[in-house]
Undergrad: 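My questions will all concern the structure given below.
Proteins come first, then strands; the chains are lettered A, B, ... in the order of their sequence lines, and each starts at number 1. Just so it is clear, the structure is predicted and the values come from calculations on it, not from any experiment.
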Number of protein chains: 2
Amino acid sequence: MDMKPVLRPPTITDVAEAAGVSPMTVSRVLNGRGGAGEETRRRVLEAARALSYRPNTFAKSLKNDRSNTVGIVVPDIVNPFFPEIIRGAELVARPAGYTLLSCNVVEDPEREEEVLGMLLDKRVDGLIICSARLDEERLLRAIAPHRAVVLINRAAAKRHAGTIEVDYRAGVEAVVMQLIAQGRTRFGFAAGPSSSHGGRKRREGIEAALARHGLSLVFDLPCTPDLQGGAEIAARFLPEAARIDAMICYNDLIALGMMRPLAQAGVSVPGDIAIVGCDDIPASSLVSPALTTLRIAKQDLGEMAMRMLLDRIAGRNAQQGIVIEPDLILRATTPALG
Amino acid sequence: MDMKPVLRPPTITDVAEAAGVSPMTVSRVLNGRGGAGEETRRRVLEAARALSYRPNTFAKSLKNDRSNTVGIVVPDIVNPFFPEIIRGAELVARPAGYTLLSCNVVEDPEREEEVLGMLLDKRVDGLIICSARLDEERLLRAIAPHRAVVLINRAAAKRHAGTIEVDYRAGVEAVVMQLIAQGRTRFGFAAGPSSSHGGRKRREGIEAALARHGLSLVFDLPCTPDLQGGAEIAARFLPEAARIDAMICYNDLIALGMMRPLAQAGVSVPGDIAIVGCDDIPASSLVSPALTTLRIAKQDLGEMAMRMLLDRIAGRNAQQGIVIEPDLILRATTPALG
DNA sequence: GGAAGGTACGTTATCGTTATCTCAATTAGG
DNA sequence: CCTAATTGAGATAACGATAACGTACCTTCC
């Protein structure tokens, strides 16, 4: 039988006793504060090692009111767009000594509010919110008590948070111009969740670009930002599919989700309808026809956001707002007509 | 100017003063312990609300040695297999009052060890480890100090943890039998990371099934479990591609990653080589030809694991080990030979 | 009427760590 | 050799919440 009854983990006092010094001395040694003799230092280190001592983070955090934890809130962790952002953020956070607490709110504003409260309880030192779904007022109230906040794709409230925004407006304008140059004139928009700020930006860009050519949107349909949502949109506009020759989608998942239903209904992509997505998730280059999309440097985005957050935690509010440009990746769903 | 200098958050003492009672009474009221007069109760609740009081979790956790946090460790959050498991786990954890701390270790054993230590520091009440990459001894040492552990796809150490295992062995045996029935005889195996326990199970199943027909593996190549890994494998065996007529892959990402290189080299799938993946990630049904795969109920898996963990935290070690069966999903990459 | 029990609260001590102060021992300078 | 500076290390007191214990005061019933 193994003699390890999983007792109480050792405390700083246990280490102190083992080393024959006071707890305070152990604290000094372990935190490299100096003021400890060489011999004492060695004894303390040895005792700590022997007992596998690990400082109690609760006690530490209680004392100095810092958790060394930061949060990141995403609408849906299953959407491939977000894990890459999380990874980027984590890549920066960990070397800086921070633990990343990632929370997904399954596209639900109530849940988002709840999660922000939970992060407050956990006393995170700061947090990143991706694509907040809360309305302006509730968002402001929810972030107010937090010590440092960075918003991704939610430029509002610059006074209370750092912001990083993808310039969707410019991105979709490029998309529309490209499609028009290819002879497309009748546009649909699969708009994603109506609570999305990024969705509104995309609509603005599309409408502005279309207006310059005297055109306007034929369809403007909201949907959930996933494969399912794309399939539902397809089902809804299929009866009138002939009215459009181009479909711009809120994200790649929606675009991919509509491709099979269209094919099954005999609508050819890109023959009858060109399709453009957004995000450039890995699947988009694997399907046939491969999906034209706006690429966003997701991991970079996460890294930038985390760097900005750490700056803010440290009290350096240098960069208040950053805008990043998406890249138009032309693939098979948008060939020149011919 | 808004008058909110983000002071120190209110403590239980502040609430007590505001309500004209002692901190202990506030504690009793807020925790529904009873032993408080109706009028007093109302005053306390009102004061707490007015101050937006939120109990300090550090103090609470320090006192009762519980964090109400559980961890989940995955090899790579960008691999679509894992976010669904995380979502399942979270779905069960949150209603039970637990916060889920998800950590990804980017396929690195060192990092895995480090993360398990970090979770120990955070005093998680328990944790789920998905597809541990650590060897037996280090894994045991790393989980020993934890209060409750559930291992996914790592049956070892049943004495020290609950386990949930996908029966890959049976799954791939079904795959091999199906392929042999379709006339395939020369098999390759894209084996994934050599540190993966699930990978070894898959190999065992394949070899057992092949042996029953007097066959054996032509290729057995390790690779990273992502699209990149699949592309690399393809590059490696392409010169000798004619030696096989079926390729079984550790996961769908690897399978998808090799499809384009094969097509570009003029190797037809499934004409020349049938391909089978594992996991059934969403992309697998979207590509052409659609990928035959072993479907795993990922979200269910996460939910089961979390239920098992919560049981163990509560001291109920009912289910010690669960085995779940994958489903063979036949698609276009494995048609009957004609 | 007084012992027994109940209710509503307050006091004290504690969880593990560390900032601050204190004191003792050592060393340096004159 | 004695004072002043320097260094090593302990004692104390928080941080915020709460378990355990105390203490009033009020019922209730023989």
Undergrad: Under 3.5 Å, is there a donor-acceptor pair between the side chain of A:Asp125 and the main chain of A:Asn68?
TA: yes
Undergrad: Scan the side chains in residues 30-38 of chain B for donor-acceptor partners under 3.5 Å anywhere in the protein, sequence neighbours excluded, and list what turns up.
TA:
residue	atom	partner	partner atom	Å
B:Asn31	ND2	B:Ser27	O	2.9
B:Asn31	ND2	B:Ser27	OG	3.4

Undergrad: Rounded to the nearest angstrom, tell me the gap between atom CG in B:Asn68 and atom C1' in D:dT18.
TA: 15 Å
Undergrad: Hey, does A:Arg66 reach any base, or is it just sugar-phosphate, or nothing, if we go heavy atoms under 4.0 Å?
TA: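 Result for A:Arg66 = nothing.
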Undergrad: Check the pair B:Ser102, A:Ser102 against side-chain hydrogen bond (donor to acceptor under 3.5 Å, both in side chains), reporting the backbone distance first and the verdict last.
TA: CA-CA 7 Å; B:Ser102 64; A:Ser102 63; 3.0 Å; yes
Undergrad: With side-chain contact (heavy atoms from CB on, under 4.5 Å) as the criterion, how do A:Ile129 and A:Glu112 come out once you've worked through the C-alpha distance, each side chain's angles and the decisive distance to 0.1 Å?
TA: CA-CA 10 Å; A:Ile129 308 179; A:Glu112 190 166 321; 4.2 Å; yes
Undergrad: By nearest heavy atom, map B:Arg28 and B:Asn31 onto DNA chain D; which one lands nearer the 5' end?
TA: B:Asn31
Undergrad: Taking atom P of C:dG16 as reference, at what distance in whole Å does atom CG of A:Asp65 sit?
TA: 20 Å
Undergrad: Whether B:Glu113 and B:Arg133 form a salt bridge (side-chain N of Lys/Arg under 4.0 Å from carboxylate O of Asp/Glu) is what I want to check.
TA: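 Salt bridge flag = no for B:Glu113 with B:Arg133.
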Undergrad: Any sub-3.5 Å donor-acceptor pair from B:Thr25's side-chain atoms to B:Pro23's backbone N or O?
TA: no
Undergrad: Any salt bridge between A:Arg42 and A:Glu46, counting N to O under 4.0 Å?
TA: no
Undergrad: Given atom CZ of A:Arg33 and atom P of D:dA9, what is their separation to the nearest angstrom?
TA: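 A:Arg33 atom CZ is separated from D:dA9 atom P by 17 Å.
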Undergrad: Just to be sure I understand the geometry, which residues of residues 14-27 of chain B put a non-hydrogen atom under 4.0 Å away from DNA chain C?
TA: B:Val21, B:Ser22, B:Met24, B:Thr25
Undergrad: Kindly state which residues belonging to residues 55-63 of chain A come within less than 4.0 angstrom of DNA chain C, counting heavy atoms of the residue only, listed by number.
TA: A:Pro55, A:Asn56, A:Ala59, A:Lys60, A:Lys63
Undergrad: Give me the bend of the helix from C:dG1-D:dC30 to C:dG30-D:dC1, using the axes of the five pairs at each end, rounded to 10°.
TA: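 Axis angle across the helix from C:dG1-D:dC30 to C:dG30-D:dC1, nearest 10°: 50°.
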Undergrad: For residues 71-86 of chain B, dump all side-chain donor-acceptor pairs below 3.5 Å to protein atoms at least two apart in sequence or in another chain.
TA:
residue	atom	partner	partner atom	Å
B:Asp76	OD1	B:Val78	N	3.0
B:Asn79	OD1	B:Phe81	N	3.0

Undergrad: Are the side chain of A:His146 and the backbone of A:Leu116 linked by a donor-acceptor contact shorter than 3.5 Å?
TA: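 Yes; judged by distance alone, with no hydrogens or angles, the pair exists.
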Undergrad: Separation of B:Arg54 atom CZ from D:dA17 atom C1', in whole Å?
TA: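 Those two atoms, CZ and C1', are 16 Å apart.
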Undergrad: Around A:Glu137, counting heavy atoms of other residues, nucleotides and ligands shown, do more than 12 lie under 6.0 Å from its CD?
TA: no
Undergrad: Which value, rounded to the nearest 0.5 Å, describes the distance between B:His160 atom NE2 and B:Leu139 atom CG?
TA: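 Going from the NE2 atom of B:His160 to the CG atom of B:Leu139 covers 11.0 Å.
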Undergrad: Nucleotides 5-8 of chain C: which of its N/O atoms have a protein N/O under 3.5 Å away?
TA:
none

Undergrad: Salt bridge or not for B:Arg154 and B:Glu136, using N-O below 4.0 Å?
TA: yes
Undergrad: Starting at atom CZ of B:Arg41, determine the distance to atom P of C:dC9, rounded to an integer number of angstrom.
TA: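 Computing the B:Arg41:CZ to C:dC9:P distance gives 12 Å.
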Undergrad: So which atom in A:Ala89 and which in A:Met306 form the shortest heavy-atom distance, rounded to 0.1 Å?
TA: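 That closest heavy-atom pairing would be O-CG, 3.4 Å.
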